[in-house]
Amino acid sequence: MLDHLGNLERTHSCGALRAEDVGKTVTLMGWVARRRDFGPLTFVDLRDRDGITQVVFNEETAPAAHAKAKDVRGEYVIAVTGEVVLRAEGQRNLKIATGETEVSAREILVLNDARTPPFQIEQTSADALASEDVRLKYRYLDLRRPQLQANLRLRHRVVAEIRRYMDEQGFTEIETPILIKSTPEGARDYIVPSRIQPGKFYALPQSPQLFKQLCMIAGLDKYYQIARCFRDEDLRADRQPEFTQLDVEMSFATPEQVYRLIEGLFTRVFRLVGAELTEPFQRLTYAEAMRRYGSDKPDLRFGMELQNLASALEGTTFAPFASTLESGGEVKGIVVEGGATLSRKVLDELQEFAKRYGAGALAWIKLSDETSSSLLKALGQETVERMANAAGAKKGDAVLIVAGKSKVVAASLGALRNEVARRERLIPENVYAPLWVTEFPMFEFHEDDGRYYAMHHPFTSPLDEDLPLLRRAVEEGETHLLGLLRAKAYDTVVNGIEAAGGSIRIHQREVQGLVFKALGLTMEKARERFGFFLDALEYGTPPHGGIAAGIWTNF
Ligand code: ASP
């Protein structure tokens with residue numbers, strides 16, 4: 001028989017009691033995390049979102065409660081009234097905040113029973129976790145786990161801090177519509193059929209991009225939103241069909257203003273987890289990031305930059321390198337400090353890894369007492385040593401080398417750099433290395449359908465000095481120039497993760513038209529899809545720009 005809650009109220013949470021509370025009569029409510037019977041004494045660990053309190057039922061002093069407590073099982077919901085006492089010396093648990101005290105129960109109400117959960121809520125180690133399928137099926141039980149409770153509460157604090165900060169900075173929180181006409185960001189839209197107009201559909205926003213730009217045209221000046229976005233993309237570990245981002249737009253804004261705003265925001269938010277960021281953040285242009293790190297989201301917690309080895313190979317007759325360099329490709333390497341001890345097996349694994357990113361092979365040089373290298377036979381000792389020198393390697397190090405098209409060299413060495421750092425434990429813990437990557441290319445060419453796509457989105461402005469190139473490309477048919485155009489687009493990268501991305505937008509109707517044309521949209525198609533926006537651009541659109549930052553808390 002279950003009890004009624006009646007008018008009983010909690011006096012404390014299960015994480016609240018401390019030694020100062022000894023002597024108080026308290027009422028706690030929560031879930032039974034664990035029950036242990038020792039004859040005349042029964043112990044129950046009572047859990048709620050704040051923590052765990054040990055409750056003791058004593059047969060001698062509270063026989064009825066003791067008898068009832070014997071029947072409770074894991075995840076039963078109970079209310080307990082009793083007195084706070086100090087735990088006996090030797091039984092204190094200093095690992096938990098409530099570990100000095102316990103509640104000596106006088107009364108217990110069993111408010112609900114529970115079936116045996118499909119997995120243990122109290123997790124003893126990471127490997128004890130149930131499979132993801134089971135965890136998701138019983139998500140409400142998974143979320144009872146203290147770690148997930150803590151994640152959700154941290155997320156709440158992050159969002160609250162964002163709202164405080166944006167308010168202080170003069171931004172207005174504005175909700176934009178969810179049932180909309182498509183706002184393309186490069187993914188597919190989710191669509192919702194209309195009941196009232198059969199055969200017609202709404203799209204769900206991939207982001208509020210056009211709406212926030214319309215807000216600028218409306219003179220709202222500084223907009224933000226904690227925005228839910230929907231993108232029908234292939235799933236990846238860091239990609240969900242729906243996610244939340246802090247979405248920002250500001251009028252008359254320069255990139256510098258956006259950088260300052262976001263640096264201040266990140267600094268405040270990271271403080272919530274005890275991390276101090278250094279402002280201003282470092283900056284790298286896209287070209288430099290690709291050249292030095294092989295990635296547009298470089299992890300700057302460690303060095304291991306890509307080294308160009310072409311100068312050491314001048315005049316080489318070794319066909320794979322010679323033809324690569326002649327045809328405009330690259331030969332580059334990374335230096336693994338202390339890597340001379342890397343085994344053949346590890347080098348083979350790293351080669352397999354590099355191949356996944358398109359590398360034909362991974363060559364290596366190891367500098368121990370003697371120089372050994374996969375290239376020794378082909379190039380001879382002298383050239384191999386020249387390459388090691390050019391890479392800046394010293395005795396005890398290894399150099400890992402890839403030759404090929406610039407794109408392939410960057411992708412494979414960039415990925416290898418992260419992989420080697422992870423394997424060799426070269427990444428310092430509790431360090432955050434934020435940076436801005438700037439001047440992204442405006443367009444990227446897709447080989448499969450032979451046309452250019454917007455790298456950020458089609459509303460991003462080119463650099464002022466590159467605008468003439470856009471005109472020539474579109475008006476004089478010199479399409480290949482599109483590949484050279486740089487955009488006023490920027491990403492915030494933290495520890496190799498793209499944490500935010502945005503741009504200064506096009507605010508002139510004529511330039512927006514050129515970009516649509518560059519993307520292969522006929523005027524007719526452009527009008528059909530974005531007519532409302534093209535019209536809006538003609539009514540006094542201020543220069544504007546913004547950014548969006550994904551909101552998640554498992555950094
Ligand atoms: N709309 C972009 C995105 O969701 C962000 C931006 O350009 O502000 O990624």
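As the structure is a computational prediction, the values presented were derived from the model and not from experiment. One is the number of the first residue; the rest follow in order along the sequence.
- A donor-acceptor pair is defined here as one N or O able to donate and one able to accept, closer than 3.5 Å; such a pair exists between the side chain of Ser412 and the backbone of Val408.
- We find the CD-CD distance between Glu263 and Glu279 to be 5.5 Å, quoted to the nearest 0.5 Å.
- Contact check on Asp247 versus Lys212 returns a salt bridge, with a Lys/Arg side-chain nitrogen under 4.0 Å from an Asp/Glu carboxylate oxygen.
- Of the inter-residue distances, the one linking Ser104 atom OG with Leu86 atom CG reads 12.5 Å to the nearest 0.5 angstrom.
- The shortest heavy-atom contact between Arg301 and Ile427 is CZ-CG2, 3.2 Å.
- Judged by distance alone, with hydrogens and angles left aside, the side-chain atoms of Asp113 form no donor-acceptor pair with the main-chain N or O of Tyr76 at under 3.5 Å.
- Checking side-chain atoms of Arg18 against main-chain N and O of Ala16 turns up a donor-acceptor pair under 3.5 Å.
- Of all heavy-atom pairs spanning Arg87 and Thr101, the tightest one is NE-O, 2.9 Å.
- How far CG of Leu46 is from SG of Cys14: 4.0 Å, rounded to the nearest 0.5 Å.
- In this structure, CZ in Phe211 is found 11.0 Å from CD in Gln209, a value given to the nearest 0.5 Å.
- Considering OG of Ser194 and OH of Tyr202, their distance stands at 4.5 Å, rounded to 0.5 Å.
- The closest donor-acceptor contact from the side chain of Arg417 to the backbone of Asp299 lies under 3.5 Å.
- If you take CG on Leu8 and OG1 on Thr27, they are separated by 5.0 Å, rounding to the nearest 0.5 Å.
- In this structure, Val80 and Ala105 approach most closely via the heavy-atom pair CG1-CB, 3.7 Å.
- Closest of all the heavy-atom pairs between Lys222 and Gln169 is NZ-O, 3.4 Å.
- Under a 3.5 Å cut-off, the side chain of Gln351 and the backbone N or O of Leu362 do form a donor-acceptor pair.
- A distance-only check finds no donor-acceptor pair linking the side chain of Thr42 to the backbone of Gly39 [under 3.5 Å].
- Of the possible donor and acceptor atoms, none in the side chain of Gln307 sits under 3.5 Å from a partner among the backbone N and O of Val335.
- Remark: side-chain polar atoms of Arg35 are paired, donor with acceptor, to backbone N or O of Val72 under 3.5 angstrom.
- Each of Phe266, Tyr286, Tyr259 was evaluated against Trp436; a single residue qualifies, Tyr259, per the ring-ring contact (aromatic ring centres under 6.0 Å, His included) test.
- Contact between Val399 and Gly333 at its shortest, heavy atoms only, is CG1-CA, 4.4 Å.
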After noting the C-alpha distance and the side-chain angles of Phe171 and Val248, does the key distance pass the side chain to side chain contact (heavy atoms under 4.5 Å, CB included) rule?
CA-CA 9 Å; Phe171 283 76; Val248 178; 3.7 Å; yes
